[in-house]
Amino acid sequence: MPNDDDAPQPRKYAAPRGTSDLLPEAWPYWKFVRDTGERVCELFGYQRIDTPMFENAGVFLRTAGAGTDVVEKEVYLFEDRGGERLALRPEGTATVMRAYIEHGMSSLPQPVRLYYIAPNFRYDRPQAGRYRQHTQLGVEAVGDAEPMIDAEVIDLQATFYRQLGLAAVTLRLNSIGDSVCRPRYIEVLRDYYRSHLDEVCADDRMRFDKNPLRLLDCKEDRCQPIIAGAPRLRDYLCDACRQHFAQLQAYLRALAIDFILDERLVRGLDYYTRTVWEFHPAEEGAQSSIGSGGRYDGLVELLGGVPTPGVGFGSGFERLIFNLKRQGAPVPPAPPPALYLAHLTPEAAAEALRLADAVRSAGAEAVVGPQGRSLKAQMRHANARRARYVAIIGSAELAAGEATLRQLADGSERRVAFDGLPAAVGGEP
RNA sequence: GUGGGCGUAGCCUAGCGGUUAAGGCGCCAGGUUGUGGCCCUGGAGAUCGAGGGUUCAAAUCCCUCCGUCCACCCCA
């Protein structure tokens, strides 16, 4: 509009791409997942930790690995007004390990068992199950290299899903070796692929440089024969890794946790070592993984701490909720208000405000009707909010010092003295 | 970053070249004096995503951009 006389039109804002508003009707799901996660973590003796939503950029850029997508294109980078180079957290583990080092947690009894619920940010094209801001439950067991703790963390995760009521989740498990045997394997794999580069797809040629382990996970038909003939990671695991993996499987069997070995399972971040796993729901989709984890024995060192082993997982709320909804899992509904106070005069409005506070003090929910509306309108509103009771306060009630208390379910009505109202609607004295 | 689908009131949808863009849900107000859910009546609410073009005429056709959804990549 090239018209100078036009006042600037206020822009219509929308939530940024890949983000969404969590509306009241969706909150019960969120609360259910959050409460269940917190409870299960506490059952396993994990303690809550919260770290900032942004960190010095190096915390993520130097740990995730140079060629990874996270570092190359997904991190939200910015400079603050003081010139600090910061990044919105793309994942939780690195920030928690930074805190572990900063607060000297290596002097606590090991392992240190931690959990958190926090948003992560990744600049990526949104699609089903993938957002630029998503929330994860994260669990980390730090300072223990033994496979028993891997089993414990996986057990915790499986328990979480069981308590959520998620149907038929499957666990896929793999070992990707350590800093000794994995580089050796990657060399062997590269040597093998080098002679097949003209036969594989374009993506694979990229993976060859950036992420060779992913070559094994290609879905292109023409790449399948190449994959079939490729050297196998499990044949190149060192004895220590092999034994670690075998013991973990024995523990999982002891826990009666089913798993399938998936040699194609690889993690996106470089700091993973040995154990890696993913949980998938019964019905698969493009972004199907509902939670994944792994061991990261080299991470603390990358952040400048003394070498410290660790193992953990992250599980995305949005995908969990999507699966809960898809299978029609029951979640506890948000509690409706106990009392709605309808008022007919300005004096009654003042009394309604006062009575509402008295009811709340007694621990029951109270909502007052909007000013200046008819009784009918307030009754409709009370009904829409599913209130259990409506207290009607007009001049007659004011004169008598009593409210007319109506129960919405059956329409029954009685008079209740003002000071008896909290008890009458279920409040504690 | 690549490819495809879709963009009409808060939500869902009709209209697909021709006078004041239609319906449902929701919202607001009424259906006698101070009473909800069902029903009835009325009302508010849309520069038909934005810009440009074709045409006597465009929500309807074309182009560009933006947004959104889905898929690849990757990941929770």
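Just so it is clear: chains get the letters A, B, ... in the order the sequence lines come, proteins before strands, and each one is counted from 1. All values reported here derive from a predicted model rather than from experimental measurement.
- Among the nucleotides B/U35, B/G34, B/U68, the one closest to any side-chain atom of A/Arg406 is B/U35.
- One finds a side-chain N or O of A/Arg373 lying less than 4.0 angstrom from the OP1 or OP2 phosphate oxygen of B/C28.
- Around the CZ atom of A/Arg264, the shell of radius 6.0 Å holds more than 12 heavy atoms that belong to other residues, nucleotides or ligands.
- In this structure, A/Ala128 reaches the sugar-phosphate backbone alone: every heavy-atom distance under 4.0 Å involves primed, P, OP1 or OP2 atoms, never a base.
- The side chain of A/Ser374 has B/G30 as its nearest neighbour among B/U35, B/C74, B/G30.
- Proximity of A/Arg380 to the phosphate of B/C27: no side-chain N or O atom is located under 4.0 Å from OP1 or OP2.
- Within 6.0 Å of CZ on A/Phe322 lie no more than 12 heavy atoms contributed by other residues, nucleotides or ligands.
- Between the CG atom of A/Asp21 and the P atom of B/U68 there is a distance of 12 Å, rounded to whole Å.
- Heavy-atom distances to RNA chain B give each of A/Ala384 and A/Ser395 a nearest nucleotide, and the one nearer the 5′ end belongs to A/Ala384.
- Other residues, nucleotides and ligands place more than 12 heavy atoms under 6.0 Å from the CZ atom of A/Arg326.
- Of all nucleotides present, only B/A50 satisfies the Watson-Crick or G-U wobble test against B/U64, with each distance under 3.5 Å.
- Contacts of A/Phe317 with the nucleic acid, taken as non-hydrogen atoms under 4.0 Å apart, are absent.
- Interface remark: the A/Asn383 side chain does not form any donor-acceptor pair with the B/G37 base, using a distance-only criterion of under 3.5 Å.
- A distance of 6.5 Å separates CZ of A/Arg89 from CZ of A/Phe60, quoted to the nearest 0.5 Å.
- Of the side-chain N and O atoms in A/Ser292, one or more sit less than 4.0 angstrom from OP1 or OP2 of B/A76.
- Nucleotides B/G7 and B/C12 have their C1' atoms positioned 14 Å apart, rounded to a whole Å.
- Separating the P atom of B/G15 from that of B/C6 is a span of 15 Å, rounded to the nearest Å.
- A/Tyr340 is not listed as a side-chain neighbour of A/Asn383, based on a closest heavy-atom distance of 4.5 Å or more.
- Atom CD in A/Glu91 sits roughly 8 Å away from atom P in B/A76 (whole-Å rounding).
- In this structure B/G18 sits in a base pair with B/C56, meeting the Watson-Crick or G-U test at under 3.5 Å.
- Within the 4.0 angstrom heavy-atom criterion, no nucleotide atom of any strand lies near A/Gln133.
- Taking only distance into account, the side chain of A/Glu74 never meets the base of B/G1 through a donor-acceptor pair shorter than 3.5 Å.
- Across B/A29, B/C74, B/G34, the shortest atom-to-atom separation from the side chain of A/Ala396 is found for B/G34.
- A/His381 does not qualify as a stacking partner of the B/G36 base, lacking a centre-to-centre distance under 5.5 Å together with planes within 30°.
- As rounded to whole Å, 16 Å separates atom C1' of B/C27 from atom CD of A/Gln378.
- Proximity note for A/Leu344 (side chain, C-beta onward) versus B/G30, B/G1, B/G34: the nearest is B/G34.
- Separating the CG atom of A/Leu171 from the C1' atom of B/A76 is a distance of 16 Å, rounded to the nearest angstrom.
- Among the nucleotides B/A76, B/G37, B/C70, the one closest to the side chain of A/Glu318 is B/A76.
- Checked against B/U35, B/G1, B/C28, the side chain of A/Arg125 finds its nearest nucleotide in B/G1.
- When the P atom of B/G1 is taken as reference, atom CZ of A/Arg132 falls 9 Å away, rounded to whole Å.
- Taking 4.0 angstrom as the limit, A/Gln127 places none of its side-chain polar atoms (N or O) nearer than this to OP1 or OP2 of B/C70.
- Proximity of A/Glu74 to A/Pro90: side-chain heavy atoms (C-beta onward) are nowhere separated by under 4.5 Å.
- B/A57 and B/U20 have their P atoms separated by 15 Å, with the value rounded to a whole Å.
- Rounded to an integer number of Å, the gap from CZ of A/Arg385 to C1' of B/U35 is 19 Å.
- The base-pairing partner of B/G42, taking Watson-Crick or G-U wobble contacts with both distances under 3.5 Å, is B/C28.
- Here A/Tyr115 and A/Tyr46 keep their ring centres 6.0 angstrom or further from each other.
- Comparing B/U35 with B/G49, their C1' atoms are spaced 44 Å from each other, to the whole Å.
- When the C1' atom is used for both B/A46 and B/G23, the distance is 14 Å, rounded to whole Å.
- Residue contacts shown for A/Ala409 include a base, since a base heavy atom lies under 4.0 Å away.
- Separation of the P atoms belonging to B/A50 and B/C40 is 35 Å when rounded to the nearest angstrom.
- Map A/Gln407 and A/Arg122 each onto its nearest nucleotide of RNA chain B; the residue landing nearer the 5' end is A/Gln407.
- Between the NZ atom of A/Lys376 and the P atom of B/G30 there is a distance of 8 Å, given to the nearest Å.
- Distance from the side chain of A/Leu375 is smallest for B/U35 among the nucleotides B/A76, B/U68, B/U35.
- With rounding to whole Å, A/Asp124 atom CG is found 12 Å from B/A76 atom C1'.
- Across all strands shown, B/G3 pairs with B/C70; the Watson-Crick or G-U wobble distances both stay below 3.5 Å.
- A/Asp258 CG: 12 or fewer foreign heavy atoms inside a 6.0 Å radius.
- Across the P atoms, B/A58 and B/G53 are found 12 Å apart, a figure rounded to whole Å.
- A distance of about 34 Å separates the C1' atoms of B/G67 and B/C56, rounded to the whole Å.
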